[in-house]
Amino acid sequence: MTSNGSPWHGRYDPGVDSEVEIPDIPLPDRFDRIVSEYSLLPALHFFGVTLTYQELKDRSDRFARALAGHGCGPGDVVGINLPNIPQFLIAQMGALKAGCATSGMSPLLTSRELAYQLHDCRAKALVTLDAIFEHRFAEVSGELPDLKLVVFTGVADFLPRIKRVLGKLLKKVPHGKTRPLPNKTVIDFADFPAGAPDDPPDIKIRMEDHCLIQYTGGTTGTPKGTILTHRNLAANLTQIEHWIKPDFGNELFLSGFPLFHLAGLALGLASVFMGGTQILIPNPRETKHIVKEMARYKPTILVNVPSLYMMLLEEPGFRRLDFSRLSFCISGASPFPVDCIRELEEVIGAGKVIEVYGMTEASPIVTMNPRRGRKEIGSVGLPIPSTRVRIVDLEAGDRELPVGQEGEVIVSGPQVMKGYLNRPQETEIALREHDGSLWLHTGDVGRMDDDGFLTIVDRTKDMLNVGGYKVFSKEVEEKLYEHPAVEFCAIIGVPNPKRPGSDLVKLIVQPSPAYKGMEEEKIESELLEFARINFAPYKVPKLVEFVETMPLTVVGKVDKKALRSDRGA
């Protein structure tokens, strides 16, 4: 493939152009235009409660005014530390209307992790749960001199009073006590906009202004703030919209991705800017609730990680649902075993799974399989419009590799981040100039075929070195998922004490329900025999460990960082 070659354009669906024009409209202005057209349509459903677009606008306008009244404006950061509840979207749009950037923060962060992120982005305001306030935030609040405003809320505060009371009595809804804090204003979310004007602040927002400071492990090192501008987000939303050709005003989205994660937030914004309705799922592990919501609303688009689709397949009610209105399912964030894709499509309909590839640094989508045309199961699709992708050598990252060879994936396009917050050296590692253009070095290993379909082989940090041979953990894992004993599995490297600098291949397995009563020695024997048949000797695991439950990240990926740290790898 030549440096300027883009063979994927010929594989696009009819009507999908190779380049798209990015509208010069900041996100709050774009939101207001959508509301003017779809004001009475539902923007979201949450446990039977519905907010229309006009109600979402009114609440976010008042939230923006209240922020401005407390001195928050352009250049400031608002941390949003909430699960998928209506308050998140109100705070998100309200903060942007006030000219602030936002930073999503997982409700599962420890006190120290929460303090680190708030301090690193110098957040001036925080929106959090009362339970987090009491049990994690209060103890570190004194370490955050930049933080002046804390707005607290409850998971069930948007529900009818009877449901709130019952939820607390039955201990199904987390809640906590709040109190005044030195040098900080602490206020209830419900009381925050009281007295604020109905219209948002009159602020000129530029496309290059910071929109999100999203934290990620990035391509190297500890969590860092990825700076995404209004232009970055507008570009990616336009690219996605042009790719999937939605039915404006009629799409109904359901996703288990958390809104504090960029994949979930991008989906939430995409739904809003398509005039769609989103069903908020605060706990994606409650598959019975997801099935109940799907039966009630019949979503047209699902967006989840592979593990959640696999969990839904284990939920009997899922297979009995009517999927006639479902247009497609987007899957991303981690590999989706091919056999599981086929099993899912047997339930929902052939050709409805669309695998994608993205990362926080790319706002987040880079590639997608076509919605209507030929899909390559197991690949993450084609570069979306106005996006270039190359495969370069793993050593220096400056030599483009031929078709079919495995190397680092690099990306150029309008959705690529501005850089890492206050991390110039790490920004220089991730963003490099090639042929006069800026390219994002993703840290992912992949290969591209003649048609431009991309297959992700591994993360560079997950790649093992076994006696000088490269072992791509994803390749081994995907094959092992074909064995009926495997519910979840992970390949990690542990240092080989006999060969410094070399790894031993270790397999960690959560057995499938059908194998849980079997002796571990017998399961191990079966798996190793399967591996010896399917892999070169250096790829065959030398160590096997069984776990009752595989650790997952907040978005449902197998948490290899936890596996490595727990095992000294």
**Student:** Quick one: does Thr216's side chain get under 4.5 Å of Met359's, heavy atoms only?
**Tutor:**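 Thr216 does not reach Met359 side chain to side chain.
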**Student:** Looking at Thr238, Asn232, Thr387, which hits side chain to side chain donor-acceptor pair (under 3.5 Å) with Gln415?
**Tutor:**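 That would be Thr387.
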**Student:** So which heavy atom on Ile410 is nearest to which on His441, and how close?
**Tutor:**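 Closest heavy-atom pair between Ile410 and His441: CG2-ND1, 3.4 Å.
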**Student:** Quick one: does Val272's side chain get under 4.5 Å of Gln278's, heavy atoms only?
**Tutor:**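 Answer yes - side chains close enough.
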**Student:** Residues in salt bridge (Lys or Arg N to Asp or Glu O under 4.0 Å) with Lys352, at least two apart?
**Tutor:**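 Salt bridge (Lys or Arg N to Asp or Glu O under 4.0 Å) list for Lys352, sorted by chain: empty.
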**Student:** For Glu21, I'd like to know if atom CD has over 12 heavy atoms of other residues, nucleotides or ligands within 6.0 Å.
**Tutor:**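 At most 12 heavy atoms, drawn from other residues, nucleotides or ligands, come within 6.0 Å of this atom.
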**Student:** Taking atom CZ of Arg432 as the centre, does the number of heavy atoms from other residues, nucleotides or ligands within less than 6.0 Å exceed 12?
**Tutor:**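 Buried by this count: over 12 neighbours within 6.0 Å.
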**Student:** Is Lys474 salt-bridged to Glu478, going by a charged N under 4.0 Å from an acidic O?
**Tutor:**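 Salt bridge flag = yes for Glu478 with Lys474.
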**Student:** With the side chain counted from C-beta on, respond yes when Pro335 and Tyr481 share a heavy-atom pair under 4.5 Å apart, and no when they do not.
**Tutor:**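 Pro335 does not reach Tyr481 side chain to side chain.
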**Student:** Between Phe63 and Ile90, is a side chain to side chain contact (heavy atoms under 4.5 Å, CB included) present by the stated rule, with each step listed?
**Tutor:** CA-CA 7 Å; Phe63 193 91; Ile90 293 166; 4.3 Å; yes
**Student:** Give the intermediate values and the outcome of side-chain hydrogen bond (donor to acceptor under 3.5 Å, both in side chains) for residues Gln214 and Thr360.
**Tutor:** CA-CA 7 Å; Gln214 288 293 121; Thr360 301; 6.0 Å; no
**Student:** Kindly determine whether Lys560 and Ser473 satisfy side chain to side chain contact (heavy atoms under 4.5 Å, CB included), including the steps that lead there.
**Tutor:** CA-CA 11 Å; Lys560 289 194 176 182; Ser473 61; 2.9 Å; yes
**Student:** State which residue, out of Thr367, Asp444, Asn369, fulfils the side chain to side chain donor-acceptor pair (under 3.5 Å) condition with Tyr357.
**Tutor:**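 It is Asp444, the one option of Thr367, Asp444, Asn369 that forms the side chain to side chain donor-acceptor pair (under 3.5 Å) with Tyr357.
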**Student:** For the pair Lys245 (side chain) and Gly15 (backbone), establish whether a donor and an acceptor sit closer than 3.5 Å, ignoring hydrogens and angles.
**Tutor:**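 Side chain of Lys245 to backbone of Gly15, a donor-acceptor pair under 3.5 Å: yes, one is there.
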**Student:** Between the side chain of Gln117 and the main-chain N/O of Gly104, is any donor-acceptor distance below 3.5 Å?
**Tutor:**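 Yes, Gln117 side chain to Gly104 backbone: donor-acceptor pair under 3.5 Å.
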**Student:** For the side chain of Tyr116 and the backbone of Pro223, is there at least one donor-acceptor N/O pair under 3.5 Å apart?
**Tutor:**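 Flag set: sc Tyr116 to bb Pro223 pair under 3.5 Å.
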**Student:** Is there a donor-acceptor contact under 3.5 Å from the side chain of Tyr420 to the main chain of Glu428?
**Tutor:**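 Not a single qualifying donor-acceptor pair exists.
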**Student:** May I ask you to decide if Ala396's main-chain N or O and Asp393's side chain share a donor-acceptor pair within less than 3.5 Å?
**Tutor:**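 Yes, because the side chain of Asp393 sits within donor-acceptor range (under 3.5 Å) of the backbone of Ala396.
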**Student:** To the closest 0.5 Å, what do you measure between OH (Tyr297) and OG1 (Thr277)?
**Tutor:**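 Going from the OH atom of Tyr297 to the OG1 atom of Thr277 covers 9.5 Å.
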**Student:** Say you draw a straight line from CD1 of Ile244 to CD of Glu251; how long is it, rounded to the nearest 0.5 Å?
**Tutor:**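 Between Ile244 CD1 and Glu251 CD, I get 6.5 Å after rounding to 0.5 Å.
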**Student:** Which value, rounded to the nearest 0.5 Å, describes the distance between Ser307 atom OG and Leu312 atom CG?
**Tutor:**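 One gets 9.5 Å once the value is rounded to the nearest 0.5 Å.
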**Student:** For a 4.5 angstrom cut-off between non-hydrogen side-chain atoms, does Leu56 reach Met93?
**Tutor:**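 No, too far: nothing below the 4.5 Å cut-off.
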**Student:** Taking C-beta and beyond as the side chain, do Phe253 and Met274 meet within less than 4.5 Å on heavy atoms?
**Tutor:**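 Yes - at least one pair of side-chain heavy atoms lies under 4.5 Å apart.
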**Student:** Any salt bridge (Lys or Arg N to Asp or Glu O under 4.0 Å) pairs touching residues 257-281, not counting sequence neighbours?
**Tutor:**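 Applying salt bridge (Lys or Arg N to Asp or Glu O under 4.0 Å) to every pair that reaches into residues 257-281, excluding sequence neighbours, yields nothing.
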**Student:** Would you check, one step at a time, whether the test salt bridge (Lys or Arg N to Asp or Glu O under 4.0 Å) holds for Arg30 with Glu241?
**Tutor:** CA-CA 14 Å; Arg30 190 168 175 173; Glu241 174 189 309; 3.3 Å; yes
**Student:** Asp450 and Arg11: salt bridge (Lys or Arg N to Asp or Glu O under 4.0 Å), yes or no, with the steps?
**Tutor:** CA-CA 11 Å; Asp450 289 313; Arg11 295 296 178 182; over 6 Å; no
**Student:** Is there a side-chain contact between Val403 and Met448 in this structure, where contact means two heavy atoms from C-beta onward sitting under 4.5 Å apart?
**Tutor:**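 Not in contact.
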**Student:** Any side-chain heavy atom of Asp120 within less than 4.5 Å of one from Tyr215?
**Tutor:**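 They are in side-chain contact.
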**Student:** Under the salt bridge (Lys or Arg N to Asp or Glu O under 4.0 Å) criterion, do Arg390 and Asp435 qualify, and how do the steps go?
**Tutor:** CA-CA 12 Å; Arg390 293 180 183 174; Asp435 303 330; 3.0 Å; yes
**Student:** Can you name the nearest heavy-atom pair linking Val16 to Trp243, along with the distance?
**Tutor:**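 Residues Val16 and Trp243, closest heavy atoms: CG1-CE3, 3.8 Å.
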**Student:** Determine, step by step, whether Tyr309 and Cys329 satisfy the side chain to side chain contact (heavy atoms under 4.5 Å, CB included) criterion, reporting the C-alpha distance in whole Å, the side-chain angles of both residues, the deciding distance to 0.1 Å, and the verdict.
**Tutor:** CA-CA 9 Å; Tyr309 286 123; Cys329 295; 3.3 Å; yes
**Student:** Donor-acceptor pair, distance only, cut-off 3.5 Å: does the side chain of Ser412 make one with the backbone of Leu438?
**Tutor:**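 Checked: pair present.
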**Student:** Does this structure show an ion pair linking Asp61 with Lys57, if we count only N-O contacts that are shorter than 4.0 Å?
**Tutor:**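 Yes, charged N to carboxylate O under 4.0 Å.
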**Student:** Any donor and acceptor pair, going by atom type alone, linking the side chain of Asp13 with main-chain N or O of Arg372 inside 3.5 Å?
**Tutor:**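 Answer holds: yes.
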**Student:** What do the steps show when you test Leu114 against Ile132 for side chain to side chain contact (heavy atoms under 4.5 Å, CB included), and what is the final call?
**Tutor:** CA-CA 10 Å; Leu114 182 59; Ile132 294 174; 4.2 Å; yes
**Student:** Donor-acceptor pair, Ser271 side chain versus Gly268 backbone, under 3.5 Å?
**Tutor:**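 No, the answer is negative, given that no donor and acceptor are paired below the 3.5 Å cut-off.
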**Student:** Please say which of Glu19, His242, Gln239 ends up in a side chain to side chain donor-acceptor pair (under 3.5 Å) with Ser386.
**Tutor:**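 In the set Glu19, His242, Gln239, the residue that makes a side chain to side chain donor-acceptor pair (under 3.5 Å) with Ser386 is Glu19.
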**Student:** Salt-bridged, Asp199 to Arg65, with N to O below 4.0 Å?
**Tutor:**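 A salt bridge links Asp199 with Arg65.
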**Student:** Answer yes or no: is there a donor N or O on one side and an acceptor on the other, between the side chain of Asp209 and the main chain of Arg206, under 3.5 Å?
**Tutor:**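 Yes; judged by distance alone, with no hydrogens or angles, the pair exists.
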**Student:** For residues Leu280 and Phe88, determine if any side-chain heavy atom of one lies less than 4.5 Å from a side-chain heavy atom of the other.
**Tutor:**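 SC-SC contact between Leu280 and Phe88 ruled out.
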**Student:** If you compare all heavy atoms of Gly99 against all heavy atoms of Ile203, which two are closest, and at what distance to 0.1 Å?
**Tutor:**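 Scanning both residues completely, I find the closest heavy atoms to be N-CD1, 4.2 Å.
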**Student:** Crowded around Arg325 CZ? As in, over 12 foreign heavy atoms under 6.0 Å?
**Tutor:**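 Above 12, so yes.
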**Student:** Rounded to the nearest 0.5 Å, how far does CG of Leu254 lie from CG of Leu267?
**Tutor:**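 These two atoms lie 9.0 Å from each other.
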**Student:** Should the heavy atoms of other residues, nucleotides or ligands under 6.0 Å from NE2 of His9 be counted, would the total exceed 12?
**Tutor:**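 Result for NE2/His9: enclosed.
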**Student:** How close do Leu265 and Leu259 get, counting heavy atoms only, and between which atoms?
**Tutor:**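 Heavy atoms only, the tightest pair is CB-O, 3.3 Å.
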**Student:** Starting from the C-alpha separation in whole Å, work towards a yes-or-no answer on salt bridge (Lys or Arg N to Asp or Glu O under 4.0 Å) for Glu345 and Lys375.
**Tutor:** CA-CA 13 Å; Glu345 289 195 337; Lys375 302 173 180 62; over 6 Å; no
**Student:** Give a yes or no answer on whether the side chain of Asp76 reaches the backbone of Cys100 with a donor-acceptor pair at less than 3.5 Å.
**Tutor:**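 The answer is no, because no donor-acceptor pair under 3.5 Å joins these two groups.
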**Student:** Of all heavy-atom pairs between Ile213 and Val77, which one has the smallest distance, and what is that distance?
**Tutor:**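 Distance-wise, the nearest heavy atoms are CG1-CG2, 4.3 Å.
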**Student:** If I take atom CG from residue Leu89 and atom CG from residue Leu269, how far apart are they, to the nearest 0.5 angstrom?
**Tutor:**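 Here the rounded value is 8.0 Å.
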**Student:** Looking at Tyr12 and Ser18, what are the two nearest heavy atoms and their distance?
**Tutor:**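 The answer is CE2-CA, 3.9 Å.
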**Student:** State the CG-NZ distance between Leu552 and Lys557, to the nearest 0.5 angstrom.
**Tutor:**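 If we round to the nearest 0.5 Å, Leu552:CG and Lys557:NZ are 12.0 Å apart.
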